[in-house]
Amino acid sequence: MFLFTPVVAKTYLGKNIKSMSGVIEGDGFTIKTDKFDFFFGRITSSPDNQRRSLDNLNGLLKLGIDEQNNGRERLLQIFHEGLNGTIIKVKRKSYGITVLKKI
């Protein structure tokens, strides 16, 4: 049995990206579309997650990144730039690895 996923072509920075069933494939990276709910303050699954999500929203707004004003596209651009950014710090914990880069 094969599962075919609808593909929607989008562009940022003049390059095509593909959105497939909740996943955006950019140039060198893949991100789940529901992560944008976390970035833009829409998570309410627990008080801690809601606070973290709202913290993300407030931080992005301070940087001038607003979802209603091409915020998703700006984040995709930042993710792409981060692929070649200089690594500043790597933090390893039991739940994952955080890499801080300068872009």
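Keep in mind that what you see is a predicted model, and the values were worked out from it rather than measured.
The shortest distance between side-chain heavy atoms of L61 and D66 falls below 4.5 Å. Annotation: side chain of I103 is not in contact with side chain of N84 (no heavy-atom distance under 4.5 Å). Proximity of I97 to V90: side-chain heavy atoms (C-beta onward) are separated by under 4.5 Å at one or more points. Counting heavy atoms from C-beta on, the side chains of L60 and L75 come closer than 4.5 Å. For the pair L57/F38, no side-chain contact is recorded, criterion being any heavy-atom separation below 4.5 Å from C-beta on. I87 is not listed as a side-chain neighbour of L100, based on a closest heavy-atom distance of 4.5 Å or more.
The structure places CD of Q77 at 12.5 Å from CG of D27, a figure rounded to the nearest 0.5 Å. From T98, atom OG1 reaches atom NZ of K93 across 7.0 Å, with rounding to the nearest 0.5 Å.
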#### Entry: Chi angles and distances behind the side-chain contact (heavy atoms from CB on, under 4.5 Å) call for V99, K101
CA-CA 6 Å; V99 179; K101 291 187 172 187; 4.0 Å; yes
### Task
Show the numbers, then the answer: is there a side-chain contact (heavy atoms from CB on, under 4.5 Å) between I24 and T30?
CA-CA 6 Å; I24 295 175; T30 302; over 6 Å; no
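Between F79 and F29, the ring planes lie perpendicular to each other; the angle is over 60°, past the 30° to 60° tilted range. Ring orientation note: the planes of F40 and F36 are close to parallel, at an angle under 30° on the 30°/60° scale.
If you run side-chain contact (heavy atoms from CB on, under 4.5 Å) between S53 and each of I43, N58, T44, only I43 comes through.
Taking each heavy atom of R52 and N49 in turn, the nearest pair found is NH1-OD1, 3.1 Å.
Scanning for side chain to side chain donor-acceptor pair (under 3.5 Å) contacts around R42 gives D37, E67, with sequence neighbours left out. For R51, the salt bridge (Lys or Arg N to Asp or Glu O under 4.0 Å) partners are D48, D55, not counting sequence neighbours.
Side-chain N or O atoms of H80 include none that pairs as donor or acceptor with a backbone N or O of G28 at under 3.5 Å.
Crowding of K32 atom NZ: a count of heavy atoms from other residues, nucleotides or ligands under 6.0 Å not exceeding 12.
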